[in-house]
Protein chains: 2
Amino acid sequence: MSDLLARLRARSWRLTAQRRVVAQVLDGDHVHFTADEIHARAAALLPEISRATVYNTLGELVALGEVVEVSTDGRAKRYDPNAHHAHQHLVCESCGTIRDVHPLGDPLAGLPAAERYGFTVSGVAVTYRGLCPDCAAGAAPPARTGSTGTGSTRTEA
Amino acid sequence: MSDLLARLRARSWRLTAQRRVVAQVLDGDHVHFTADEIHARAAALLPEISRATVYNTLGELVALGEVVEVSTDGRAKRYDPNAHHAHQHLVCESCGTIRDVHPLGDPLAGLPAAERYGFTVSGVAVTYRGLCPDCAAGAAPPARTGSTGTGSTRTEA
DNA sequence: ACCCTACCTTAGACACTGTCTAAGTCAACA
DNA sequence: TGTTGACTTAGACAGTGTCTAAGGTAGGGT
Ligand SMILES: [Mn+2]
Ligand SMILES: [Mn+2]
Ligand SMILES: [Zn+2]
Ligand SMILES: [Zn+2]
């Protein structure tokens with residue numbers, strides 16, 4: 001991920017302070033932030049960044065294949081910088097925690113030709129649902145933050 | 001599905017005209033309407049039914065297990081009366097058409113214990129994406145109606 | 001170093017989806 | 001038929017995402 005800016009430069013992206021902080025917030029592979037969470041974190045680094053720019057930048061990163069959109073519920077989409085390693089998601093129904101998981105085999109293989117109805121099938125999203133250990137233990141559901149703890153929590157010097 | 005009202009009566013539901021028309025709109029197993037589509041169709045039968053009542057009724061049907069919510073994209077949820085036969089969905093990326101599909105085997109089986117991180121996994125949703133035959137043939141993407149054509153299109157006498 | 005200008009950013013309005021509330025209505029039962 | 005608690009309603013409200021018009025700026029050209 002740290003060479004994201006290099007890849008973007010190679011695609012002749014105009015490098016602005018706003019795009020830099022959005023990329024910085026998305027640094028780390030195991031985060032699944034909403035657009036507003038990204039906006040809040042970006043604004044901590046660059047106070048006047050606007051919501052529209054965050055949405056614009058995220059949309060461009062998705063179009064470039066650097067970030068994938070994840071819709072686990074009917075709520076806000078989450079933006080996943082772990083786009084270069086196909087994976088699926090395991091979601092806690094209680095607190096919303098999201099974990100990256102890697103099912104065995106090709107998830108597309110389970111759909112026989114007779115069940116494709118002439119579609120050209122190009123992808124599949126698998127969302128496992130359940131209770132995380134904390135919630136199963138009766139812990140009060142912590143705020144649904146979207147982080148999964150493995151993201152690079154860069155402590156300012 | 002036609003005995004839905006009977007099942008609801010058995011659960012001591014108060015049987016109102018509004019609930020009847022919502023159930024009537026959901027009659028047929030292969031529809032995936034949004035709440036607003038259901039509201040529009042219900043209003044054709046009972047003009048003054050309110051949006052709030054449609055949402056209330058759908059929420060109750062979901063809680064009773066008679067209808068399942070389907071979130072295929074970041075847009076409006078779809079309400080699926082085919083709740084008594086587990087299935088997954090195949091979505092056209094261009095026109096939004098949704099088909100019920102039945103993958104081989106248990107979709108939960110693909111997630112090994114080592115990939116469950118202590119979660120109690122209780123369910124899984126699989127959404128296959130691709131292009132339907134019409135869109136692949138270059139047809140102008142028809143309006144994203146949510147119907148899949150197999151629903152009982154009851155022609156009024 | 002300075003200009004240009006096409007591209008980027010901004011604030012805020014707007015659209016869509018869903019929830020909530022207070023007041024009125026009515027299905028079911030006695 | 002009368003009573004009553006459950007149901008329905010209109011509209012306000014909240015969360016999420018898109019769009020526009022006006023202003024700003026990165027980066028190439030000079
Ligand atoms: Mn992920
Ligand atoms: Mn279905
Ligand atoms: Zn949890
Ligand atoms: Zn299509």
Handout entry: Closest-nucleotide ordering on DNA chain C, the 5'-leading residue of B:Leu15 and A:Thr16
Key = A:Thr16
Handout entry: Flag, side chain of A:His39 to backbone of A:Thr53, donor-acceptor distance under 3.5 Å
Key = no
Practice task
Would you kindly give the CZ-to-C1' distance between A:Arg19 and D:dG27, to the nearest whole Å?
Solution key: 13 Å
Practice task
Mind calculating the distance between CZ (A:Arg11) and P (C:dC7) to the nearest angstrom?
Solution key: 18 Å
Exercise for the section: Kindly say whether A:Arg14 contributes a backbone atom to a donor-acceptor pair with the side chain of A:Arg19 at under 3.5 angstrom? Expected result: yes
Exercise for the section: Nearest-nucleotide wise, let me know which of B:Ser50 and A:Trp13 is further upstream toward the 5' end of DNA chain D. Expected result: B:Ser50
Practice task
Rounded to the nearest angstrom, tell me the gap between atom CG in A:Leu58 and atom C1' in C:dT9.
Solution key: 15 Å
Exercise for the section: For B:Leu46 and D:dT8, give me the distance from atom CG to atom C1', rounded to whole Å. Expected result: 11 Å
Practice task
Report yes or no: is the cationic atom of B:Arg41 (NZ for Lys, CZ for Arg) under 6.0 Å from the centre of the six-membered ring of B:Phe33, at an angle within 45° of the ring normal?
Solution key: yes
Practice task
Examine the base of C:dC26 for any acceptor or donor lying under 3.5 Å from a partner atom in the side chain of B:Arg14, and report the outcome as yes or no.
Solution key: yes
Practice task
Round to a whole Å and report the spacing from CZ of B:Arg20 to C1' of D:dT8.
Solution key: 14 Å
Problem - Interatomic distance where CG belongs to B:Leu8 and C1' belongs to C:dA27 [whole Å] - result: 15 Å
Fill in the blank from the handout: Rounded to whole Å, the CG-C1' distance (B:Asp73 to D:dT18) equals 15 Å
Considering only nitrogen or oxygen atoms on both sides, find all protein atoms under 3.5 Å from nucleotides 17-19 of chain C and state each distance.
| from | atom 1 | to | atom 2 | distance (Å) |
| --- | --- | --- | --- | --- |
| C:dG18 | OP1 | B:Lys77 | N | 2.9 |
| C:dG18 | OP2 | B:Tyr55 | OH | 3.1 |
| C:dG18 | N7 | B:Arg51 | NH1 | 3.3 |
| C:dG18 | N7 | B:Arg51 | NH2 | 3.0 |
| C:dG18 | O6 | B:Arg51 | NH2 | 3.1 |
| C:dT19 | O4 | B:Arg51 | NH2 | 3.4 |

Practice task
Would you mind reporting whether B:Val126 and A:Leu111 have side-chain heavy atoms less than 4.5 Å apart?
Solution key: no
Practice task
Taking all non-hydrogen atoms of both residues into account, name the closest pair between B:Asp80 and B:Asn82 and its distance.
Solution key: OD1-N, 2.9 Å
Exercise for the section: Would you confirm whether A:Glu115, through its side chain, and B:His102, through its main-chain N or O, come within 3.5 Å as a donor-acceptor pair? Expected result: yes
Practice task
Measure from CD on B:Gln18 to P on C:dA27 and round the result to the nearest Å.
Solution key: 8 Å
Practice task
Report the relative orientation of the aromatic rings in B:His89 and B:His32; use parallel for angles under 30°, tilted for 30 to 60°, perpendicular for over 60°.
Solution key: perpendicular
